[in-house]
Structures are given as C-alpha cells and as structure tokens.
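These notes are about the structure you will find just below.
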Amino acid sequence: MTHALRWLLLPALAGLGAAAGVCAQETPVQLEPLVVTATRQPLPRLDVPAAISVLDAGDLRGGRAALSLAESLPRIPGVVVRERQNQAQDVQLSIRGFGTRASFGVRGVRLYADGIPATMPDGQGQVSHFLLPAAERIEVLRGPFSVLYGNSSGGVVSVFSEAPPAVAEAGAEGLAGSDGLWRASASWRGPVAASAGLRLDVQRAAADGYRRHSAWRRDGAQLQLRGQTSRGGEWTVLGNHLDLAADDPQGLSAAQLAGDRRASSQGALLFDTRKTVSQQQLGARFAQPVGEGHELALVAYTGRRQTFQVLSIPVFVQASPTSGGGVIDLDRDYRGFDARWRWQATDTLSLVLGASQERADETRLGFENFIGSQLGVVGALRRDEDNAVRSDDVYLQADWQPAERWRFNGGLRSSRVRFDSLDRYVRPGNPDDSGTRRYSRVSPVVGVLYRASERTSLYANAGRGFETPTFAELAYRSDGASGLNDLAPALSRHVEFGLRWQQARWQGDVALFQATTTDELVVAASQGGRTVFDNAGLTRRRGAELSLALELAPAWSLAASATWLDARYRRDVPACDTPPCADGLRIEAGRRLPGIATRMAWAELRWQAGERTDLWLEARASSRFYANDANSAAAPGHALLGLGAEQRFGNGRWTAWARIDNLADRQVIGSVIVNEGNGRYFEPAPGRTFMLGLRLDSPLQ
C-alpha cells in the first residue's frame, strides 16, 4: 500500500512546494460551479456528499479535436477512456473499473445528454452521438450515488450543451492531423424570440486511421431550442443526428503486434469487416414552479438507431445450425420519460420524488457473410428475432441540513426491468430461443457531509446497486438449451470517503472507496459464433483517487490527478460442466480483473499570457493491465507526453491551435479486447501524431 500511494501522489508532489508559498497570498475565492448530477438539484461541489467532477468548455475543446471523450475525461481520477483506434467499436469507457468488459459501446456507466438518457434500458450505452463542440460542461459522478440513476454500477457521465447567447453568433472550425484526420464544423446560435434561443451545430469528420482497414467517416448534427415560460419555468428541445461508417481492423495477437503494429487481422481483410450506424433522437425537458417551494420537471424522448455490421466469423463455423451468421442487421426504436417533483419543504429540507419508464424495441436479423466463395457479403438468413426491454422505476431523494456545517442526502430507487424475446428463426437443430426475463431491485444510498470550514468539506456515503445483463448477454445459454440465459443481475455494495477543499489559489479532492460485487458478468465460452456469459462469485474493487489544481504563479498553473485501483476476483470461478463449457477451474481467486490498470496518472502544466496565448505540457501514465481472466496476457505500462499551443487574435474572434501527442514516439497498447476468443487482445495506439486547428467565432450584430 505504501508503494502504491507513493506512485499515486507522485504527479502532484512537484507542485505542492510552490503551492505552499502561493497560498499565503489571500485573494477572493473563485466560486465553484453548481452541479446537479448527484442530488438532482443545483448545489456547489463543496456541498455534494459524493465524488463528482466538472469539466468546462475549455477542458473539452481547448486545443483538442473534440471528437472523443478520450481527449479530456482522463483528467478525472477513477475514469478511464481508451481510444481504440477503431470507430466501429467506439471508445472503452469505465469508472472505477466498471465497464471494462464491454466489447462495444459502454456498460456499467449511465450516460446522459442534456438530461436525456443515452443508455438503453438494458444498460448498453453509446457516446458516438455526443457532439462535443456544442458542450458547455460535463459532470462525472463516481461511486454510490450513481445507483439512483438505475441500471448501472460505476457512475454517471452527463454532457450539458451550451445555451444560445443573447446576441446572434456564428462559428466555424477546421482541423487536420496525422493519419488523414480532418474535421469541419459550423454553428449558429442566437435568439429567435424574446424568451427563446436556438443553437445549431453540424460537423463532418473522417480519417484514414492509424491501422490498415480502419478508415472512418462521421457526420453529426445537433439542434437545441431553449427558452423560458412566463411563470419562471424553463424548457429545452434537443434533436441530434449521427451517421457513421467505419472499417473494423479488429484486434491483434502478440505475434501480430510484434510484426506490424499497423496491421489489421487477416479476417478483417478477408471479410471486409465494417460497421454503419444511423441514429436520430428527439428529446424535451420542461421545468416549472407550480407553487411556493414546489417544482415539476418532465423529460421525454424518442429515437431510432440502425446498425449494420459485417463480422469475420469463418464460413465453417456458420455451418453449425445454431450459428447466427456473420452479418448483423439491427434496428432499435427507443423512447422514455421521466417525471420529477421537487418540494422545498423548509429552508433546510428538500424532497425529490420521481418516476421513469424506458423502452426499447429491436428487430435483429443475422445473415451469413458469404455467398459461395464470395466473402464479406450478405448471404442467407440465419437469425430473425424481435426483442423488447422495458424498465419501470420510481425514486425518492431527500436533502437535509440540520445544522450549518452538516448535510445529509439519501435516496431509494426501485427498478423493474423486463426482457422479452420472440425467436422467428426456428429450424432443425436451432430451437426456439424465445423467452422472458424479469429483474427487480431496490437500491438505497445515503451520504453525509461535514463542512469543516468555508473552503473544506468531508463526506462519506454508502449504497447498493445492480446491473442487469444486456440482450446480447442473455442471448445464449451455457447448457446449449433453448431460451434466454438465466443470468442473475450483478449486485454491488459501495462505500466511499472523501475530502474536498478549495483555497485561494489551489483546490483538490481525495476519495477512498471500496465496491464488492456478487454475480459479476463474465465470458464463459465462445463456440459456433455464440458468446456465452456466466456469473462470477465475488469481486472487489478498492482504491484511492486524487485530483489537484494549483496556481503556481500569475501565468502558471498545474493540474494533476492520480488513481490507485486494486480490482480482483475474491472467489474461484469454476467452469460450467455442460457443453459448450469445459470442466475445471475457469478463474482463480486473487486474479486481477482484466482491462483495469492498478495505477493511472495525468498532469498538465500550463502557461497563459493574458487571454491570447496558451502553452501546455501534458503527461499521462498507466501501469500494465491484463487482457484476460487468466492474467496470462497484458498490455505493458506506459508514460506519454503531449505538447500544445493556442493563440487568439482578431479581437478574440480567431483561434489557432496546434498539438503533438506521444511526443517521444513510444509504442503503446491503447486498449485491449477482454477475453477475445482467438487471442487477438491488443489494439495498438499511434506513435507521434500532429494536429492543427483554426476556429472562428463572430457576432452577427
């Protein structure tokens, strides 16, 4: 533990000596931004009894491509976003080790865009439609309070769009970088009525990709209409569009990686593995005071996501009558609403009562990925099913301040999730896989905060959460029988202690936590093109998180964060004793959970000359992380440096920026595919890369 903490604190030690001298100079304390993710009401971070971090627009877009959460979220401790160099599979996002097993999309973390869920009722989420150039801030909630958002375990990521300004503006930006990367975007924002404003953002981005067969193109658009009612209420209408086309290079084995880091797998080339996604979503939020101390808030949304993907499943594997083929054609329609009533009962007591319902209906088709000797084409039908998942939740939160320095916050959420599957493809040797599964759970959480001084607070909280399987994890049974898998939900118990302070020229956070999970979902076997999931007995995640921001001198600042996370299996996990599983022990107690680095750190040293020039040096470091449950394959640890500059001119209307990443041109494994059946675990990251950008923001009056 001593060595781990020494490694954890290393990024911040360089600035502590300077901060000690600087802090003696008393200046007015800058007020912290209000956050709403943890308690569903605006509170300063110092009054929130949970680990929560806020990134503003400068953190998200300053000197960055604003194409991926992997660019900015690593500055938050406990959060890992790995860029896979594969747009067909999205980024790997995890919080405190929850979500690392996702082979695509995001699992174990709830996602929101302007209060509208980007996570489906079964817990599967996507971030590809987040339009970061339009974002004002991102709030990230880690730990127990995330259970109040439903089917998740690790945390909540909420993106909030920038409101339209009072004076009309137009903006445009272009950037170009290594491996053929480019992005062009434009926006218009301004008033459209006395009490309403509009913001429209559009963009197109594309790249050849670092690896062969990894080219991609992404189009995005977002329309935001926001206004106020005559009685002090607020409303927002948000629509977005995504169109993505990407080649899939797949992972590499250790031998392939040693031969050519830019290579794709042989199967990716043979079958021309690729993916297209089209998504449209429309949502609305409305909040209105309805009497003294009362407020009603409503959220409603609907959307459609269409996915087409060609896999590299070999032809001989698809000869099995149970194979679902090598081409996926998936259409998903989803919708939901959330109704919330808030009552400020007294000056020190408030209550929030809410109910939500989410539903997703999907049509899933599977086809062979060959016709005769021609590979990578749509062949004969092998799968045809209609699926539906629905969640019905009610929740209650209370915030009580019995004394000036004390605050208590707690809540309950009752969740019911139902899966229904109708199998329309029933053939000899391929039985009817129709079925229904129901899950329900009451998730409690309680937190206490002590305001030790005007600038310091301590807190503790505890909670219990659950995570249901997704439809993909329920699809196949380990005993080979028909019907949905009988997986149990993963149940987690969380405990957290934290310290948060904000001085005149420096601020920081420290959090200690532990989470134990029973029935964690793991890959049991892969055969005939089917992946079978099972429940592990007991896992434990415990760790420490630190973040610091220091003003070293009038023009110099240092920000740093570090994470120590020990995630292990606490019990042996035996293999199932019926086909397609093998006899024996599958996972030994004490093994580390794959995809999770024990130590991670980030630091940024920045020099700012007034409001015109920024220069920064960024460092990121990670210890090794394993790729499989046996801990026999691992990505080595690494440390990377980046350098950037931003210059504003033309009365601040023009901004030019440049950055170099991986300054030392190190060979790094960016991410791993956990438990990949063919041993192709590794997804290499690029060497030294360059990027240039130019942005224009101009008032129209």
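If you read the sequence from its start, that first residue is 1, and numbering goes on from there. It should be emphasised that the depicted structure is a prediction, and the values quoted were computed from it without experimental measurement.
- A side-chain donor-acceptor contact under 3.5 Å links R285 to the backbone of D114.
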Evaluation steps, side-chain hydrogen bond (donor to acceptor under 3.5 Å, both in side chains), between R340 and Y395: CA-CA 9 Å; R340 183 184 315 151; Y395 55 88; 3.1 Å; yes

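- Proximity of a side-chain donor or acceptor of R211 to a complementary backbone N or O of Q250 within less than 3.5 Å is detected.
- The structure places CG of L330 at 10.0 Å from CD of Q309, a figure rounded to the nearest 0.5 Å.
- The shortest side-chain heavy-atom distance between F625 and I596 does not fall under the 4.5 Å cut-off.
- Ring geometry, Y301 versus Y334: the interplanar angle falls from 30° to 60°, so the pair is classed tilted.
- Looking at R382, its side chain does come within 3.5 Å of a backbone N or O of Q318 through a donor-acceptor pair.
- With D122 as the partner, the salt bridge (Lys or Arg N to Asp or Glu O under 4.0 Å) test is satisfied by one option alone out of R437, R390, R418, R332: R332.
- Contact check for D272 versus H213: side-chain heavy atoms found under the 4.5 Å cut-off.
- The shortest heavy-atom contact between V417 and P121 is CG1-O, 4.1 Å.
- Side-chain N or O atoms of T119 include one that pairs as donor or acceptor with a backbone N or O of L111 at under 3.5 Å.
- The pair D629-R591 fails the salt-bridge criterion, with no side-chain N (NZ, NE, NH1 or NH2) lying under 4.0 Å from an Asp/Glu carboxylate O.
- For the side chain to side chain contact (heavy atoms under 4.5 Å, CB included) with L73, the lone residue among V79, I95, V91 that qualifies is V79.
- Closest of all the heavy-atom pairs between G115 and V299 is O-CG1, 3.9 Å.
- Listed for the R218 side chain is a donor-acceptor partner under 3.5 Å among the backbone atoms of L67.
- When each of T517, T518, D519, T539 is paired with S492, the side chain to side chain donor-acceptor pair (under 3.5 Å) condition holds for T517 and for no other.
- To the nearest 0.5 Å, the span separating CD on Q222 from CG on L242 amounts to 12.0 Å.
- Between the CZ atom of R364 and the CG atom of D386 there is a distance of 11.5 Å, given to the nearest 0.5 Å.
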Start with the C-alpha gap between F98 and R541, add the side-chain angles, then the distance that decides, and say whether side chain to side chain contact (heavy atoms under 4.5 Å, CB included) holds. CA-CA 9 Å; F98 291 98; R541 297 166 172 86; 3.3 Å; yes

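- Cation-pi check for R427 over Y425 is met; the charged atom lies under 6.0 angstrom from the ring centroid and within 45 degrees of its normal.
- S434 places a side-chain N or O within 3.5 Å of a backbone atom of D423 that can act as its donor or acceptor partner.
- Among R204, H129, Q279, R217, the one residue that satisfies the side chain to side chain donor-acceptor pair (under 3.5 Å) test with D243 is R217.
- Under the 3.5 Å distance criterion, with hydrogens and angles disregarded, no donor-acceptor pair is assigned to the side chains of R424 and T363.
- Listed by chain and number, the residues in a salt bridge (Lys or Arg N to Asp or Glu O under 4.0 Å) with R568 are D566 (sequence neighbours excluded).
- Looking at N678, its side chain never comes within 3.5 Å of a backbone N or O of R680 through a donor-acceptor pair.
- Rounded to the nearest 0.5 angstrom, S68 OG and D90 CG are separated by 8.0 Å.
- Residues F370 and L270 have side chains not in contact (no heavy-atom distance under 4.5 Å, counting atoms from C-beta outward).
- Here CG of D534 is found 6.5 Å from CG of L487. Values are rounded to the nearest 0.5 Å.
- R570 pairs by the salt bridge (Lys or Arg N to Asp or Glu O under 4.0 Å) definition with nothing, not counting sequence neighbours.
- Under the 3.5 Å distance criterion, the side-chain polar atoms of D248 are left unmatched by any main-chain donor or acceptor of K275.
- Using a 4.0 Å cut-off between charged nitrogen and carboxylate oxygen, R107 and E467 count as a salt-bridge pair.
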Determine whether F271 and I313 satisfy the following criterion, side chain to side chain contact (heavy atoms under 4.5 Å, CB included), listing intermediate values before the conclusion. CA-CA 9 Å; F271 288 91; I313 297 175; over 6 Å; no

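- Looking at R413, its side chain does come within 3.5 Å of a backbone N or O of L148 through a donor-acceptor pair.
- Side-chain contact between L521 and N535 is present, with heavy atoms from C-beta onward closer than 4.5 Å.
- Listed here is the closest heavy atom pair of S146 and G154: OG-C, 4.0 Å.
- Counting heavy atoms from C-beta outward, L69 and I138 have side chains that approach closer than 4.5 Å.
- Take F471 and apply the ring pair (Phe, Tyr, Trp, His ring centres under 6.0 Å) test, not counting sequence neighbours, and it matches F419.
- In this structure, W216 and D247 have side chains that are not in contact, with every pair of non-hydrogen atoms separated by 4.5 Å or more.
- Not a single donor-acceptor pair under 3.5 Å links the side chain of S320 to the backbone N or O of V317.
- Closest approach of N430 and P321 over heavy atoms only: ND2-O, 3.0 Å.
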Check the pair T100 / V80 against side chain to side chain contact (heavy atoms under 4.5 Å, CB included), numbers first and verdict last. CA-CA 9 Å; T100 56; V80 178; over 6 Å; no

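- Between V378 and F308 the shortest heavy-atom distance is CG2-CZ, 3.8 Å.
- No side-chain heavy atom of F145 sits less than 4.5 Å from a side-chain heavy atom of H494.
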Trace of the side chain to side chain contact (heavy atoms under 4.5 Å, CB included) decision for S128 with R305: CA-CA 11 Å; S128 52; R305 187 178 181 94; 3.5 Å; yes

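- Considering all non-hydrogen atoms of both residues, G251 and S265 come closest at O-CB, 3.9 Å.
- In this structure the side chain of R84 reaches within 4.5 angstrom of the side chain of Q92, judged on heavy atoms.
- A donor-acceptor pair shorter than 3.5 Å can be found between the side chains of N387 and E385.
- Distance check: L422 CG to D384 CG gives 8.5 Å after rounding to the nearest 0.5 Å.
- Outside the 6.0 Å centre-distance limit, the rings of F466 and Y439 are not counted as a close aromatic pair.
- When the shell of 6.0 Å around CZ of R493 is examined, it contains 12 or fewer heavy atoms from other residues, nucleotides or ligands.
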